Amino acid sequence: MSEPQPTGFSILNPFNHQPTPIPPVWLMRQAGRYLPEYRELRAKAGSFLDLCYSPEFATEVTLQPIRRFGFDAAILFSDILVVPHALGQHLEFVEGEGPRLDPLKSLDDIKALTPDKVEEKFRHVYEAVSSIRSALPEETALIGFCGAPWTVATYMVGGRGSVDQAVTRLFAYQNPQAFKQLIDLLVTTSVDYLLGQVKAGVNLLQIFDSWAGNLSDDEFLKWSIDPTRRIVREIKSQHPNLPIIGFPRGSGPGYETYLKATNVDGISCDTSLPLSYMRDHLSPLGTVQGNLDPLLLVTGGEALDRRVDEILETMSGKPFIFNLGHGIVPQTPPEHVARLVDRIRAAG
Ligand code: CP3
């Protein structure tokens with residue numbers, strides 16, 4: 001865990017071994033389509049990438065959920081696919097379908113990427129970070145992020161999201177050296193990108209490995225844990241006290257190995273992890289974050305309340321950040337989010 005930091009951000013308390021009778025709370029995808037004010041701005045901005053690269057729009061969208069719900073942390077409004085885009089890969093977000101990239105098919109395609117040009121795109125994100133940091137309330141922390149190399153690579157090689165990442169897993173088995181070059185490029189690019197975000201003003205970091213769960217155990221070590229460990233090592237060499245949260249979604253018992261081997265300070269738990277496992281196996285090793293089912297936030301009512309209470313009771317007294325097990329879904333009624341935050345804050 002990190003050394004104490006001289007700051008008032010409540011989200012840093014669990015990392016600094018401070019008691020948190022009311023756990024800090026933020027939600028993955030807390031800015032997004034479930035908010036009418038987001039949909040309105042999104043329509044004005046044009047494309048989703050225009051929204052990400054406009055410091056003015058990105059600031060406004062980041063602040064929307066903070067104004068409404070007063071979360072303990074804001075997360076930079078951007079996307080993990082800004083990295084492939086900055087590396088020169090064609091990227092579009094197709095309405096109702098998700099991201100589409102021109103898939104990398106060979107070592108030549110990987111060699112044609114343009115690491116020397118990434119700063120042209122990244123600087124818009126860094127500008128957004130400074131603008132967000134100065135607009136946020138003083139007590140609200142700002143989270144920077146990137147996708148883990150494995151998860152970003154699944155989009156770069158597969159060209160789109162998929163349930164099993166078969167195209168990319170096959171590419172990695174059949175062309176291990178070419179795939180390693182891609183992963184290594186993503187490690188160095190992600191380190192630069194995260195360091196740039198820290199310099200511009202983010203207060204902690206999260207690394208999203210949303211597709212870690214489909215790797216077999218050797219591949220999990222090679223493509224998820226090892227690259228993440230290298231990113232964490234580089235960031236920590238310059239910012240030893242800056243908390244880093246990892247999210248190896250779906251990796252089950254691999255969570256414990258990941259937490260030990262990568263040196264992250266916190267671990268974001270997906271919905272499938274038992275609360276007793278989070279309490280007994282993960283919380284002795286770091287700050288635990290999670291893991292309400294996003295669909296219970298759509299459901300609301302007593303079913304939501306019951307599960308929120310169960311999470312709070314189980315994690316009480318442990319270094320804990322309340323969050324979802326994955327991102328908010330667009331059909332979530334904003335009133336349910338308000339109900340969730342009220343219930344957490346009333347629990348202390
Ligand atoms: O509020 C926040 O959490 C911050 C912003 C954020 C977005 N994406 C905004 C977004 C963050 C942290 C992400 C991370 C991200 N992006 C991940 C990792 C976390 C996860 O959800 O597993 C992944 C895999 C992506 C890739 C991605 N971006 C997909 C698959 C999609 C399409 C799915 C969808 O919800 O439409 C996106 C688009 C995207 N990223 C949207 C938002 C708000 C929706 C875009 C829109 O407004 O049309």
Side-chain angles (χ1 to χ4, degrees), residues 25-54 57-66 68-69 71 73-85 89 91-101 125 128-129 132 140 142-156 158-163 165 168 190 193-194 197 202 204-214 224 245-251 268-271 289-291 294 323-332 334 337:
V25 53
W26 70 280
L27 303 179
M28 289 190 262
R29 289 282 177 95
Q30 63 192 23
R33 282 167 298 183
Y34 76 107
L35 291 176
E37 59 270 34
Y38 170 86
R39 294 196 299 269
E40 203 179 300
L41 205 80
R42 167 81 162 81
K44 268 193 224 153
S47 80
F48 174 68
L49 277 172
D50 289 334
L51 201 60
C52 293
Y53 290 132
S54 151
F57 284 139
T59 302
E60 177 55 24
V61 170
T62 305
L63 289 169
Q64 286 173 345
I66 304 302
R68 255 194 201 247
F69 308 114
F71 291 118
I75 180 161
L76 161 69
F77 190 85
S78 183
D79 197 85
I80 64 166
L81 299 178
V82 160
V83 168
H85 189 244
Q89 200 171 6
L91 167 67
E92 266 173 79
F93 285 86
V94 180
E95 207 58 56
E97 291 189 36
R100 292 288 181 275
L101 300 88
V125 177
V129 169
I132 296 164
T140 312
L142 179 59
I143 304 173
F145 71 90
C146 71
W150 163 250
T151 287
V152 175
T154 65
Y155 289 95
M156 295 178 83
R160 56 173 72 195
S162 76
V163 285
Q165 301 81 51
T168 310
S190 304
Y193 188 44
L194 293 179
Q197 293 179 35
V202 304
L204 66 161
L205 293 168
Q206 177 151 324
I207 301 175
F208 289 89
D209 213 348
S210 306
W211 297 117
N214 280 323
S224 172
I245 302 170
F247 181 39
R249 190 171 74 92
S251 59
S268 198
C269 297
D270 66 64
T271 302
Q289 173 175 282
N291 75 338
N323 205 316
L324 301 175
H326 199 191
I328 293 189
V329 296
Q331 66 269 39
T332 305
V337 177

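The structure presented is a predicted model; accordingly, all values stated were derived computationally and were not measured. Start at 1 and go down the list; that is how both ligands and their atoms are numbered.
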Under 3.5 Å between some N or O of ligand 1 and some N or O of [X]?
X	result
R42	yes
S210	yes
G98	no

Can you tell me the protein heavy atom closest to [atom] and the distance?
atom	value
atom 3 (O) of ligand 1	R29 N, 2.7 Å
atom 34 (C) of ligand 1	R33 NH2, 2.9 Å
atom 23 (C) of ligand 1	I80 CD1, 3.4 Å

Looking at ligand 1, does [X] have a heavy atom less than 4.0 Å from it?
X	value
S78	yes
P99	yes
H326	yes
Y155	yes

Would you check if [X] and [Y] make a side-chain contact, meaning some heavy-atom pair closer than 4.5 Å?
X	Y	value
F208	C146	no
P99	R160	no
M28	I328	no
Y193	S78	yes

Side-chain donor-acceptor contact under 3.5 Å, [X] with [Y]:
X	Y	answer
T154	Q165	no
Q289	Q206	yes
S224	D209	yes

Please list, in number order, the atoms of ligand 1 under 4.0 Å from a heavy atom of Y38.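 It comes down to these atoms of ligand 1: 43 (C), 45 (C), 46 (C), 47 (O).
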For ligand 1, which atoms sit closer than 4.0 Å to a heavy atom of I75?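 Listed by number with element, the hits are 1 (O), 2 (C), 3 (O), 4 (C), 12 (C).
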Which one of D79, V94, L76 has a non-hydrogen atom at the shortest distance from atom 27 (C) of ligand 1?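 Comparing heavy atoms across D79, V94, L76, the nearest one to atom 27 (C) of ligand 1 lies in D79.
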Proximal candidate to atom 41 (C) of ligand 1 [heavy atom criterion; set F48, F145, F93, F77]: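 The residue whose heavy atom sits nearest atom 41 (C) of ligand 1 is F48.
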Of F77, F48, F57, which meets ring-ring contact (aromatic ring centres under 6.0 Å, His included) against Y38?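 So, applying the ring-ring contact (aromatic ring centres under 6.0 Å, His included) to Y38 and each of F77, F48, F57, only F77 qualifies.
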If we set the cut-off at 4.0 Å for heavy atoms, which region of E95 has an atom near ligand 1: side chain, backbone, both, or neither?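 None of E95 does.
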I'd like to know whether the aromatic ring centres of H85 and Y53 sit less than 6.0 Å apart in this structure.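 Yes, they do, as the ring centres are separated by less than 6.0 Å.
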Please determine whether a side-chain nitrogen of the Lys or Arg among R42 and E95 lies less than 4.0 Å from a carboxylate oxygen of the Asp or Glu.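 Yes, charged N to carboxylate O under 4.0 Å.
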